[in-house]
Amino acid sequence: MKRTLGGLGIVTLGKLLDAGKALAAETVAKIAKSAAEWKKLLTPEQYDVLREEGTEAPFTSPLNDEHRSGMFSCAACGLELFPSKFKFDSGTGWPSFFDYIPGHIETKTDYKLIAPRTEYHCARCGGHHGHVFKDGPEPTGLRYCNNGVALKFDPQNT
């Protein structure tokens, strides 16, 4: 609805709010499982990283050398996180991405080391994936440094 005030066009608040909905991130339904259920579904390495916030050794993931077109998803619940077009070689030894699918990652501050870091998790299952740093390429300048064991790659999904 458009109204005029002194010859100026004014858009109502309702229209402005509706326009913002198109820009909002997808809302992801949460899932919860017991530790025993996760242990049945995940390998010991996956459980350590995804549920205990562990870190795999650098340069050990075959996903470092994955360059095909496709989708990287959470190994625990299958939520799509990173299209391959967001992947880049950071030289750090872990699969790295400069962006993610909006709404599919949540962050929190990690104080396990001396300096606080931003840790990120799968928005659906809460599985730990890695940390985000401000040393990535354009257009975001961010590096989502992911444990490869926490990801699954699907070359058919582009």
Side-chain angles (χ1 to χ4, degrees), residues 16-17 19-39 41-155 157-158:
L16 287 174
L17 293 176
K21 288 179 185 173
L23 302 174
E26 174 186 352
T27 300
V28 175
K30 308 279 186 198
I31 63 168
K33 297 183 184 301
S34 69
E37 290 173 309
W38 285 120
K39 284 182 180 182
L41 293 171
L42 303 170
T43 67
E45 295 82 10
Q46 289 173 322
Y47 185 86
D48 178 57
V49 169
L50 288 160
R51 308 314 310 167
E52 300 290 330
E53 299 180 349
T55 302
E56 70 183 355
F59 301 102
T60 59
S61 174
L63 294 180
N64 285 328
D65 298 320
E66 182 55 71
H67 302 291
R68 295 175 290 171
S69 180
M71 183 66 68
F72 293 87
S73 302
C74 178
C77 71
L79 182 65
E80 295 175 343
L81 303 176
F82 305 102
S84 59
K85 67 183 178 181
F86 294 162
K87 187 173 187 282
F88 71 99
D89 184 2
S90 66
T92 61
W94 291 280
S96 297
F97 306 87
F98 62 82
D99 209 352
Y100 63 95
I101 297 174
H104 289 208
I105 284 177
E106 295 176 345
T107 62
K108 72 175 187 178
T109 303
D110 169 5
Y111 296 99
K112 292 178 185 149
L113 297 179
I114 295 170
R117 302 180 296 171
T118 302
E119 181 178 305
Y120 64 95
H121 298 257
C122 171
R124 180 186 289 155
C125 71
H128 170 77
H129 278 265
H131 293 85
V132 60
F133 302 96
K134 295 178 181 177
D135 61 0
E138 293 300 325
T140 65
L142 300 174
R143 172 174 53 97
Y144 292 85
C145 188
N146 215 103
N147 287 281
V149 71
L151 293 171
K152 287 184 182 177
F153 178 70
D154 181 3
N157 187 351
T158 55

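FYI, side chains are in, hydrogens and waters are out, and symmetry mates aren't considered; it's all heavy atoms of this structure.
- No donor-acceptor pair under 3.5 Å is formed between the side chain of Lys87 and the backbone N or O of Ser69.
- Panel note: side chain Lys30, backbone Ala123; a donor-acceptor pair is recorded below 3.5 Å.
- We find the CD-CD distance between Glu119 and Glu106 to be 12.0 Å, quoted to the nearest 0.5 Å.
- Cys77 SG to Leu41 CG: the interatomic distance, rounded to the nearest 0.5 Å, is 11.0 Å.
- Here the closest heavy-atom approach between residue Tyr120 and residue Ile105 is recorded as CB-CG2, 3.4 Å.
- Between Leu79 and Val28, the shortest heavy-atom contact is CD2-CG1, 4.0 Å.
- Considering only heavy atoms from C-beta on, Glu56 comes within 4.5 Å of Trp94 through its side chain.
- If you run ring-ring contact (aromatic ring centres under 6.0 Å, His included) between Phe82 and each of Phe97, Phe72, Phe98, only Phe97 comes through.
- The distance from atom CG of Leu81 to atom NE2 of His129, rounded to the nearest 0.5 Å, is 5.0 Å.
- Here the shortest heavy-atom pairing between Ser90 and Ser96 reads OG-OG, 2.8 Å.
- A 4.5 Å side-chain heavy-atom check between Asp99 and Phe86 finds at least one atom pair inside the cut-off.
- Between Arg68 and Glu66 a salt bridge is recorded (basic side-chain N to carboxylate O distance below 4.0 Å).
- The backbone N or O of Thr118 lies less than 3.5 Å from no partner atom in the side chain of Thr107, so there is not a single donor-acceptor pair.
- For the residue pair Asn147 and Thr55, the shortest heavy atom distance occurs at OD1-CA, 3.5 Å.
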Under the side chain to side chain contact (heavy atoms under 4.5 Å, CB included) rule, what do Phe88 and Arg143 come out as? Steps first, then yes or no, please. CA-CA 9 Å; Phe88 71 99; Arg143 172 174 53 97; 3.8 Å; yes

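- Across all non-hydrogen atoms, the minimal contact from Leu151 to Pro95 is CD1-CB, 4.4 Å.
- A distance of 9.5 Å separates CG in Asp48 from OG1 in Thr43, rounded to the nearest 0.5 Å.
- Residues Cys74 and Cys125 have side chains in contact (heavy-atom distance under 4.5 Å, counting atoms from C-beta outward).
- Here the shortest heavy-atom pairing between Ala35 and Tyr47 reads CB-OH, 3.4 Å.
- Note that CG of Asp154 and OG of Ser84 are 10.5 Å apart. Values are rounded to the nearest 0.5 Å.
- Relative ring orientation between His128 and His131 is described as perpendicular, the plane-to-plane angle rising above 60° on a 0-90° scale split at 30° and 60°.
- Considering only heavy atoms from C-beta on, Pro83 comes within 4.5 Å of Ile101 through its side chain.
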